[in-house]
Amino acid sequence: MSKQYLTLHTVDSAHPKASDIFALAPTSTQLLSASGASSINVYDTTQADFPVIQSLDKAHPLGIHHLVTAREEKARRAASAGFEGKVKIWSQNEDGVWSEDGEIVDQNKPGEMWAIALSADGQYLASSSINGKINVWSLNKNEGMPRIREYETKGSFGLCVDLSRNGSFTASGHENGSIYIFNNESGRLAHSLSGLVHPVRTLAFSPASRLLAAGGDARIIALYDVTSGEQVANFTGHGGWVLSLDWSDTGEYLLSGSHDSKAKVWRIETRACVATHSHGDKPLWGAKWLPKVPQKSEMFALAGGNNAISFYREAAG
């Protein structure tokens with residue numbers, strides 16, 4: 001059974017210099033976007049034309065490759081990782097305005113902090129690195145935002161990272177195809193997962209923290225049971241690298257974006273693709289659900305190499 005999604009609005013030339021848009025990060029009322037340009041844009045997702053309501057200018061001088069928001073509305077936190085090697089933390093005030101809240105000062109060399117993920121409550125940040133190490137940081141400003149966990153892997157570039165919504169696990173995907181799940185409470189490796197022999201570029205825990213989805217250059221999406229470490233499903237259909245994965249709030253659907261410029265919606269229960277949408281003819285770097293709002297249809301946003309952001313909503317009926 002398929003699902004129908006309608007294009008609500010497209011923001012063309014969303015970032016300057018015809019930049020690829022590398023990341024999207026939603027809140028309950030806004031969408032943040034980041035690109036090869038130095039600024040972060042903030043869009044109002046409650047208005048029909050999704051206007052830009054704030055631009056965080058000169059956030060990262062060489063551009064931004066990762067941007068994330070905390071899932072809990074009360075957290076009001078975001079983080080961005082720039083090509084110059086820094087990770088900045090952002091906070092949102094009661095009026096919805098964002099401002100810089102500090103930065104994580106590591107060695108600040110490009111690649112030392114690559115992919116990033118925020119905990120649901122915005123209190124912790126996980127980061128991957130070019131040398132394979134995975135770090136977890138406390139974002140307590142009074143303590144100087146210290147590193148509280150350092151996980152060793154076999155040294156392959158960590159291309160992606162995620163924190164489970166219950167805070168128990170950190171997962172990382174690597175250039176050599178390795179996937180690791182670490183237990184944050186014990187500080188130990190929980191599972192080394194098999195199944196993807198090509199670079200893993202994106203992974204995401206389900207809302208209930210029971211499943212982990214991973215994708216990359218193998219062009220398939222693998223689904224793992226977090227408790228057992230067993231691979232429980234494979235989703236096939238993309239014609240290019242899988243670059244982005246995001247779960248719907250209920251965990252019923254998984255959204256994927258690919259280098260083939262297509263987004264797909266997968267129904268977890270039936271292990272089937274129920275919708276496919278093209279986004280131009282360039283790589284689709286970002287595919288994100290917008291948090292479900294009462295009395296509103298399910299919505300998602302897509303962005304990538306064509307420097308446009310498109311918003312979709314589920315068709316009624």
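Note: hydrogens, waters and symmetry copies are ignored here, and every other heavy atom, side chains too, is used. Residue indices begin at 1 and follow the sequence shown.
- Listed for the Lys88 side chain is a donor-acceptor partner under 3.5 Å among the backbone atoms of Ala59.
- Between the side chains of Trp247 and Glu252, not a single donor N or O lies within less than 3.5 Å of an accepting N or O.
- Under 3.5 Å, the side chains of Lys262 and Thr276 contain no donor-acceptor pair of N or O atoms.
- At a threshold of 4.5 Å between non-hydrogen side-chain atoms, the residues Phe311 and Val11 count as touching.
- Side-chain atoms of Thr45 come within 3.5 Å of backbone atoms of Thr29 as a donor-acceptor pair (strictly under, hydrogens ignored).
- At least one side-chain heavy atom of His15 sits under 4.5 Å from a side-chain heavy atom of Asn41.
- One hydrophobic cluster, built from ILVMFWY side chains closer than 4.5 Å, cannot hold both Ile116 and Leu163; they sit in different ones.
- Of all non-hydrogen atoms in Leu203 and Ser172, the two that sit nearest each other are CD2-C, 3.5 Å.
- Taking 4.5 Å as the limit, every side-chain heavy atom of Ser38 sits out of range of all side-chain heavy atoms of Pro61.
- With hydrogens and angles left out, the side-chain atoms of Asp49 and His9 include no donor and acceptor closer than 3.5 Å.
- At least one donor-acceptor pair closer than 3.5 Å links the side chain of Ser128 to the backbone N or O of Ala115.
- Inspection of the Glu73 and Ser28 side chains reveals an N or O donor paired with an N or O acceptor under 3.5 Å.
- Judged by distance alone, with hydrogens and angles left aside, the side-chain atoms of Ser258 form a donor-acceptor pair with the main-chain N or O of Trp241 at under 3.5 Å.
- Under the 4.5 Å side-chain contact rule for hydrophobic residues, Leu31 and Ile53 do not share a cluster.
- In this structure, the side chain of Arg76 engages the main chain of Asn93 through a donor-acceptor pair within 3.5 Å.
- The heavy-atom pair separating Ala78 from Thr69 by the smallest distance is CB-CG2, 3.9 Å.
- Below 30°, between 30° and 60°, or above 60°: for Phe300 and Tyr312 the angle between ring planes is below 30°, a parallel geometry.
- The main-chain N or O of Thr227 is found under 3.5 Å from a side-chain atom of His191 such that the two form a donor-acceptor pair.
- For the 3.5 Å distance criterion, the side chains of Gln54 and Gln30 fail to qualify, holding no donor opposite an acceptor.
- In this structure, a donor-acceptor pair under 3.5 Å is absent between the side chains of Asn184 and Ser168.
- The two residues Ile21 and Ser33 come nearest to each other via the heavy atoms CG2-CB, 4.3 Å.
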Can you list the steps and then say if His174 with Phe157 is a ring-ring contact (aromatic ring centres under 6.0 Å, His included)?
CA-CA 5 Å; His174 297 260; Phe157 190 174; 8.8 Å; no
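- Annotation: Glu100, atom CD; neighbour count of heavy atoms from other residues, nucleotides and ligands within 6.0 Å is above 12.
- No side-chain heavy atom of Leu24 sits less than 4.5 Å from a side-chain heavy atom of Asp246.
- At distances below 3.5 Å, at least one donor-acceptor pair connects side-chain atoms of Ser186 with backbone N or O atoms of Arg188.
- No donor-acceptor pair closer than 3.5 Å links the side chain of Ser244 to the backbone N or O of Gly257.
- In the hydrophobic cluster analysis, where Ile, Leu, Val, Met, Phe, Trp and Tyr join through side-chain heavy atoms closer than 4.5 angstrom, Val200 is grouped apart from Leu189.
- Both the sub-6.0 Å distance and the 45° axial angle are not jointly satisfied by Arg77 relative to the ring of Trp90.
- Tracing side-chain contacts under 4.5 Å through hydrophobic residues (I, L, V, M, F, W, Y), one reaches Leu254 starting from Val242; they form part of the same cluster.
- Closest heavy-atom contact between Pro207 and Thr250: CG-C, 4.4 Å.
- Checked by atom type, the side-chain pair Ser127/Trp137 shows a donor-acceptor distance below 3.5 Å.
- By the 4.0 Å N-to-carboxylate-O rule, Lys282 lies too far from Asp20 to be salt-bridged with it.
- Counted by atom type alone, Ser261 and Ser278 present zero donor-acceptor pairs between their side chains at under 3.5 Å.
- Using modelled atom types, no side-chain atom of Ser138 and backbone atom of Tyr124 make a donor-acceptor pair closer than 3.5 Å.
- Here the closest heavy-atom approach between residue Ala301 and residue Ile309 is recorded as CB-CG2, 4.5 Å.
- Using the six-membered ring where Trp is involved, Phe235 and Trp266 have ring planes that are parallel, under 30° apart on the 30 and 60° scheme.
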Assess whether ring-ring contact (aromatic ring centres under 6.0 Å, His included) is satisfied between His65 and Phe83, documenting all intermediate values. CA-CA 7 Å; His65 50 81; Phe83 285 103; 4.9 Å; yes
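- For the 3.5 Å distance criterion, the side chains of Asp249 and Trp289 fail to qualify, holding no donor opposite an acceptor.
- A salt bridge links Lys133 with Glu152: the closest approach of a Lys/Arg side-chain nitrogen to an acidic carboxylate oxygen falls below 4.0 angstrom.
- Under the 3.5 Å distance criterion, with hydrogens and angles disregarded, no donor-acceptor pair is assigned to the side chains of Arg313 and Tyr5.
- Summarising the geometry, atom NE2 belonging to His60 is positioned 8.5 Å from atom CD belonging to Glu103; distances are rounded to the nearest 0.5 Å.
- Judged purely by atom type and a 3.5 angstrom limit, Asp260 uses its side chain to pair as donor or acceptor with the backbone of Gly239.
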